[in-house]
Amino acid sequence: MPELPEVETIRRDLARVLRGQRVVSFAVKRPKLLRNPRRAFSRYLVGSTITNVERRGKQLIFKLNSGYSLLIHLKMTGQLVWKSSRGKISAGGHPIAGVAQVPNRYTYIVISLGDKSNLYFNDVRQFGYFHLVPTNELAQVFRKLSPEPLSRSFTFSWLDMAFKRRGRTTVKAAILDQGIAAGIGNIYADESLFVARIKPSRRVSSLSEKERQALWRAIRGVLRRAVQARGTSFNSYRDGLGRQGTYWARRLAYGRAGQACVRCRHVLQRSRVAGRGTTHCDICQR
DNA sequence: CACTTGACCTGTCCGC
DNA sequence: TGCGGACAGGTCAAGT
C-alpha cells in the first residue's frame with residue numbers, strides 16, 4: 001500500500017512522538033512477520049531507546065541505541081498507529097476525526113514505550129515485516145535502491161543512466177523498479193506518467209531525451225505534492241496517528257478510469273501494464 | 001542477464 | 001442471500 005509519500009508522512013508523525021523513547025515490551029501475534037528470530041527482538045529492541053525514525057524508499061528505519069536498527073515494511077496493507085497513554089489517538093491533545101481504532105483484529109504486533117504509550121502494527125494481508133539489522137550494515141541492505149527521488153542526488157543524469165539498463169521494458173515497469181525510483185508504487189507511477197504525458201506501455205528505449213526529462217521532473221513533482229498532501233487514502237492507509245491522507249482528492253489518473261481526463265476531457269483508459277492495473281489517457285499521453 | 005508471472009494473504013465488489 | 005472469480009497500494013522466487 002504505502003508508497004514514499006505515505007511512509008514519509010508516517011515517519012514524520014512517529015519521529016515526533018518516538019524519539020528518545022525506551023522500548024519496554026514487544027508483543028507478537030504473528031511470528032512470521034518477523035525477519036529475525038524472536039530472541040533478536042528481545043536482545044536488541046526491548047530495553048533500547050529509539051534515537052530517530054528515518055525512511056529509505058518505502059521502508060521505515062527506527063534507529064536504536066543498541067547498535068541495531070528496526071526496519072519496517074508495510075507492503076500493501078500495513079499500518080503503524082501510535083496511541084498515547086491516555087488511550088487517545090490525537091495530535092497536540094486534540095482528538096482527530098476518522099482515526100483507525102487500535103488495537104483491532106488485524107493488530108499483530110504491539111510495541112510498548114516508556115511513557116506508557118503504544119505503537120500498533122496492523123496488517124490485513126500480513127505481507128509486511130519487521131527486520132532487525134545492525135546499523136552499520138544498513139548501507140548493504142539498501143544497496144540496490146536508487147537515490148531518494150526527492151533528494152539532490154536523484155539527478156536527471158542519474159535516472160537517464162539507470163534507464164539505459166532497462167531499455168527494453170515498459171516505462172511503467174521501469175519506474176516501479178525500486179532500483180530506478182525508490183518509493184514509487186502503482187499510484188505514483190500512473191500519476192507521474194500522466195503528468196509527463198507518456199503512455200505507460202511505451203518501451204524505455206523509445207523515449208526521447210525531452211520525454212525522459214519530463215518524466216524525471218514529473219516523478220519529483222508528483223511525490224513532492226503527495227507528501228504535502230500527507231499521502232493518499234482510499235482504503236487501509238492511515239498516517240502515524242491513524243488519520244487519512246488527502247492526495248486521493250487531487251489525483252489526476254490513478255483510480256479515475258472511465259472519468260474525463262483533466263487535460264483533454266477524453267475518457268481515461270484502464271489497462272494492464274507490468275502486471276499492474278493501469279490508468280492513462282490515450283489521447284494526451286503519447 | 002533481462003524480463004514476466006505467480007505466490008504470499010485477506011477483504012471487497014460484481015455478476016449470476 | 002450465496003458463491004465464484006477478479007482485483008487490491010509490494011516484493012520475491014521461479015519461470016521463460
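All of these numbers come straight from a predicted model, not from anything done at the bench. In what follows, every chain begins at residue 1, and chains take the letters A, B, ... in the order their sequences are listed.
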Item to complete: List the protein contact pattern of nucleotides 11-16 of chain C with one symbol per nucleotide (5' to 3'): B for base contact, S for sugar-phosphate-only contact, - for none; contact means a heavy-atom distance under 4.0 Å.
Response: S-----
Item to complete: Determine the interplanar angle of the Phe26(A) and Phe130(A) rings, folded into 0 to 90°, and report it as parallel if under 30°, tilted if 30 to 60°, perpendicular if over 60°.
Response: tilted
Fill in: Distance, rounded to the nearest Å, where Trp248(A) contributes CH2 and dA8(C) contributes C1'
11 Å
Item to complete: Apply the test side-chain hydrogen bond (donor to acceptor under 3.5 Å, both in side chains) to residues Ser66(A) and Ser48(A): give CA-CA distance (whole Å), side-chain angles for both, the deciding distance (0.1 Å), then the verdict.
Response: CA-CA 6 Å; Ser66(A) 61; Ser48(A) 73; 4.6 Å; no
Worksheet item: Per the side chain to side chain donor-acceptor pair (under 3.5 Å) rule, which among Lys32(A), Lys75(A), Gln59(A) passes with Tyr129(A)?
Response: Gln59(A)
Worksheet item: How would you label the contact of Gly128(A) with the nucleic acid (heavy atoms, under 4.0 Å): base, sugar-phosphate, or nothing?
Response: nothing
Worksheet item: Which of these nucleotides, dG10(C), dA8(C), dC3(B), is closest to any side-chain atom of Glu3(A)?
Response: dG10(C)
Worksheet entry | N or O in side chain of Lys32(A) less than 4.0 angstrom from dC9(B) OP1/OP2 | yes
Practice prompt. For the pair Phe154(A) and Trp158(A), name the ring-plane relationship: parallel under 30°, tilted 30 to 60°, perpendicular over 60°.
Written response: tilted
Response to the item:
To the nearest angstrom, the CD-C1' distance between Gln79(A) and dT10(B) comes to 13 Å
Worksheet entry | OP1 or OP2 of dC9(B) under 4.0 Å from side-chain N/O of Thr77(A) | no
Item to complete: Write down the distance separating the P atoms in dG11(B) and dT11(C), rounded off to the nearest Å.
Response: 22 Å
Worksheet entry | side-chain N/O Arg125(A) vs dC8(B) OP1/OP2, d < 4.0 Å | no
Response to the item:
To the nearest angstrom, the OH-P distance between Tyr106(A) and dA8(C) comes to 20 Å
Item to complete: Grab the CG-P distance between Leu223(A) and dG9(C) for me, whole Å please.
Response: 16 Å
Practice prompt. Rounded off to whole Å, could you give me the CG-to-C1' distance for the Asn186(A) and dC7(C) pair?
Written response: 12 Å
Item to complete: Using salt bridge (charged side-chain N to carboxylate O under 4.0 Å, His left out) as the criterion, list what pairs up with Arg220(A), not counting sequence neighbours.
Response: none
Worksheet item: Between dC7(C), dT10(B), dC3(B), which nucleotide has the shortest distance from any of its atoms to the side chain of Arg168(A)?
Response: dC3(B)
Discussion item. Please name the nucleotide paired to dG9(C) by Watson-Crick or G-U wobble geometry with both distances under 3.5 Å, or report none.
Written reply: none
Worksheet item: What about Tyr188(A) and Tyr247(A), are their ring centers closer than 6.0 Å?
Response: yes
Discussion item. Could you tell me how far apart Arg270(A) (CZ) and dC14(B) (P) are, to the nearest whole angstrom?
Written reply: 13 Å
Worksheet item: Between dG9(C), dT4(B), dC7(C), which nucleotide has the shortest distance from any of its atoms to the side chain of Arg272(A)?
Response: dC7(C)
Worksheet item: Can you tell me how far P of dG9(C) sits from CD1 of Ile187(A), to the nearest Å?
Response: 7 Å
Practice prompt. Show your working on salt bridge (charged side-chain N to carboxylate O under 4.0 Å, His left out) between Glu211(A) and Arg202(A) and close with a plain yes or no.
Written response: CA-CA 11 Å; Glu211(A) 288 173 324; Arg202(A) 287 273 299 282; 2.8 Å; yes
Discussion item. What contact category does Arg30(A) fall into here, base, sugar-phosphate, or nothing, at under 4.0 angstrom with non-hydrogen atoms?
Written reply: nothing
Item to complete: Take atom P in dC1(B) and the same atom in dG10(C), then report the distance between them in whole Å.
Response: 27 Å
Fill in: Step-by-step side-chain hydrogen bond (donor to acceptor under 3.5 Å, both in side chains) determination, Tyr120(A) to Gln101(A)
CA-CA 10 Å; Tyr120(A) 299 90; Gln101(A) 287 304 316; over 6 Å; no
Worksheet item: Between dG9(C) and dC3(B), how far is it from one P atom to the other, in whole Å?
Response: 22 Å
Worksheet entry | Rounded distance (Å) that lies between atom P of dC8(B) and atom CG of Leu33(A) | 16 Å
Fill in: Whether Phe127(A) stacks on the six-membered ring of dC9(B) base, 5.5 Å and 30° limits
no
